[in-house]
Amino acid sequence: MGETHENLLNVDGLVKNYGKQRAVDHLSFSVNEGECYALLGPNGAGKTTTIEILEGLQHRDEGRVSIFGKDIKQNRTEILPHIGVQLQETVLYQKYTVKETLQLFASFFPEHVDLDSLIAKLDLDDVKDKRLQKLSGGQRQRVNVAVALINSPKLVFLDEPTTGLDPQSRRNLWDLIKQIKSENRSILLTTHYLDEAEILADRIGIMVKGRLIAEGSAKELVLKYCGAQALWFHFKEDCGSSAAQEDLFKLQTELPWLEKAKMKDGGFIATASVGVEAIQSLVRCTDKLGIKLTALELRDSTLEDVFLELTGRSYNDADQ
Amino acid sequence: MLTNSFRELVKCRVREVFREPSAAFFVVAVPMLWMLILGFAFNKNGDYSYPIGILKEGSVFEQPIVIQNLIKASENDPHLKIFEGSTEELAHLFNRGTINLALAAKDGAIVFEFDPANREARESRLYVNDILQTGLGRSDFYKTIDQPRSRPGDRYIDFFIPGLLALSILTSSLFGTGMTIVAFRRNNLFKRFLATPISTYELFGSFIVGRFVILALEMTTILVFGWLVFDFHVAGSLLDYIIVSLVGTSAFTALAILMGSRLDNVGAYNGLVNLVTLPLMMLSGVFFSLTNFPDTLATVLRYFPLAALVDSLRQIALEGVSITALAPQLGVMVLVTVVCSVIGRAAFKWY
Ligand SMILES: Nc1ncnc2c1ncn2[C@@H]1O[C@H](COP(=O)(O)OP(=O)(O)OP(=O)(O)O)[C@@H](O)[C@H]1O
Ligand SMILES: [Mg+2]
């Protein structure tokens, strides 16, 4: 650790066990100044556990965690005023209005942002004098995020901040996160929305069973694991049928790039380094072998495909 | 300690009570209800009675003359309540507590039947015996005069009001503070607090000081209501009375923090409170004086925190004792505050 801590947050070999179960398994990553880092992973992957260890809320079994170049365990009082925390599950004080809640939390910090402008940023103007018990789920979630930003933190931990938000509120929160980034502050985010990670995160870490199995920007991940584009095609029968499997097998002997074809949406999908060439070769080959294609599409690869590639399962049904 | 965060936390505790109508109800209405019930049940000035049963055999004229005298005397004696009946009927009245003494003539004597352990039954026996004997001409050797005395301070209600205040402090601290702690933990709110720079002592302190504001409400209710309805007065210094109440509130709030330090289940906490309050109430002389217990036990019980609070409040209110004489009791309560806070903090589960 040098004088300048370019890495605002550094995690090295982090391990956390719940009894016999290992929730976090030798996890290492870092977040730089002005960077938004997203942890992606199925339910139970260990994202919340990781974040809560970093926030100093949970005990760790092994590994090093440094924030602003200091260990959170020994330097809580120095670090806490400069981080923002939004927990995945908190029920704030229900009898308090939005404004009162912010006043309460503001009082905990040596310095805090202007409450009215924070309220405005999270579109809470209309409900600022309402008690939390009278708010909708999405409004409450926005209060949670507002509380996390109250001390103008250098590093913000947001654990599924957009869960339960309507599309408009999500987009507003995205803008807010971008603004935080532009102020050279950093964000560690977890989310279940791949598009969100793609839009917001400078780097993404994919976590499965407590381990980081891939890391990079969305573009890097896509290129590395899927290729920029993928060819999706459909035979007469759905991909699960033996006829379709046989057809695929025949094609694979001719076209080696189909080796890694995966089932998707009733058809198959395979990475194509040069899309047009792949289409031409596939069409030629099916013609030759007398296989009938009912659909053919060139798709831009997404994180969804990365996820499929890495875990063999699509993101939404990958619960552990 | 008067930081901005501390002030906001205390505000939060106070608002909680005023925004929860049922909580305010318990703090204000329940003590008034207790006072009304117990005040009137035990405060019947001169309105006492001796309910006795007489074994009825045949007509009135077949009863011995002493019993005929007694029945006649009861017509002019408002305190004497006579029930006549067969052996079975009297047994029934005994069982229901309607009578506490039965008499029957047997072989030229009057047989008194009663439970010697029951003080009221013994009184009935003495009273009736007096009437019987004087009716037959017994006269006292030495002249005695009964002088009725009823001054505020001597009535049961005067004894009860300080106990009620103590009880109210106990239950509202244990329920009010403890329930909040348990609910906060369940809602992950403490976890959220843990991720801010506030200190544990600030948080605990806010629970105690927040309670003081509620105490003001409880005290005002009990003192004003007691004064208006029962003409209750604090004989000693009101300031002493307030200080002792503050110390008591600290002790029981600290106890609540300790009791709620690990639970996240409201039902379990409820059970724990009952487990603790019931013996404390029974063994602390809230309703009846500790002198009813054997001496050695009473000496030990006097140092229970609730007993210490009840005792000091009573001494100030009834006897005008000054706070300096109450050092041992105050010491007990301060000790409870410190010990419970320290253990509570060490044991405290944040989530
Ligand atoms: N307090 C706990 N005691 C025991 N096991 C726990 C505890 N908290 C979490 N776990 C386990 O640790 C694993 C990781 O949980 P964690 O909450 O970190 O997952 P997550 O990635 O945040 O999931 P989600 O997307 O559902 O929020 C899970 O298998 C979970 O069952
Ligand atoms: Mg989680």
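Quick note: numbers below take in every heavy atom, side chains included, and nothing from hydrogens, waters or symmetry partners. A, B, ... follow the sequence lines: proteins, then strands. Residue 1 opens every chain.
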In terms of heavy-atom contacts, does [atom1] of [X] have more than 12 from other residues, nucleotides or ligands at under 6.0 Å?
X      : atom1 : value
A:E183 : CD    : yes
A:K134 : NZ    : no
A:W174 : CH2   : yes
A:R22  : CZ    : yes

Between the CZ atom in A:R76 and the CG atom in B:L194, the distance rounded to the nearest 0.5 Å is 4.5 Å
If we only count heavy atoms from C-beta on, is the B:E20 to A:K95 side-chain gap below 4.5 Å? yes
Of all heavy-atom pairs linking B:A195 and A:L80, the shortest is O-CD2, 3.7 Å
Between B:N188 and A:E89 the two heavy atoms that sit nearest each other are ND2-O, 2.6 Å
Pair B:K11 + A:E100, salt bridge at N-O below 4.0 Å: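 Looking at B:K11 and A:E100, the cut-off is not met.
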Anything in residues 141-156 of chain A with a heavy-atom distance to chain B below 4.5 Å? Please list those residues in order.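 At a heavy-atom separation under 4.5 Å, chain B is reached by A:V147, A:A148.
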Enumerate by number any residue of residues 54-62 of chain A whose heavy atoms lie under 4.5 Å from heavy atoms of chain B; in the absence of such residues, state 'none'.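 At a heavy-atom separation under 4.5 Å, chain B is reached by A:L57, A:Q58.
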Looking at B:R192 and A:V91, would you say the former's side chain and the latter's main chain have a donor-acceptor pair under 3.5 Å? no
Pairs flagged by ring-ring contact (aromatic ring centres under 6.0 Å, His included) wherever residues 72-108 of chain A is involved - sequence neighbours left out: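 Checked against ring-ring contact (aromatic ring centres under 6.0 Å, His included) - neighbours excluded - the pairs reaching residues 72-108 of chain A are A:Y93-A:Y96, A:Y93-B:F184, A:F105-A:F108, A:F105-B:F193, A:F108-B:F193.
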Only pairs at least two apart or in different chains count here, so list each ring-ring contact (aromatic ring centres under 6.0 Å, His included) that has a residue in residues 134-159 of chain A.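 Of all non-adjacent pairs touching residues 134-159 of chain A, none passes ring-ring contact (aromatic ring centres under 6.0 Å, His included).
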With chain B as the partner, which of A:I79, A:L104, A:T77 has the greatest number of non-hydrogen pairs under 4.5 Å?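 Looking at each of A:I79, A:L104, A:T77 in turn, A:L104 comes out on top.
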In terms of heavy-atom proximity below 4.5 Å to chain B, should A:T90 be classed as side chain, backbone, both, or neither?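 For A:T90, backbone and side chain are both near chain B.
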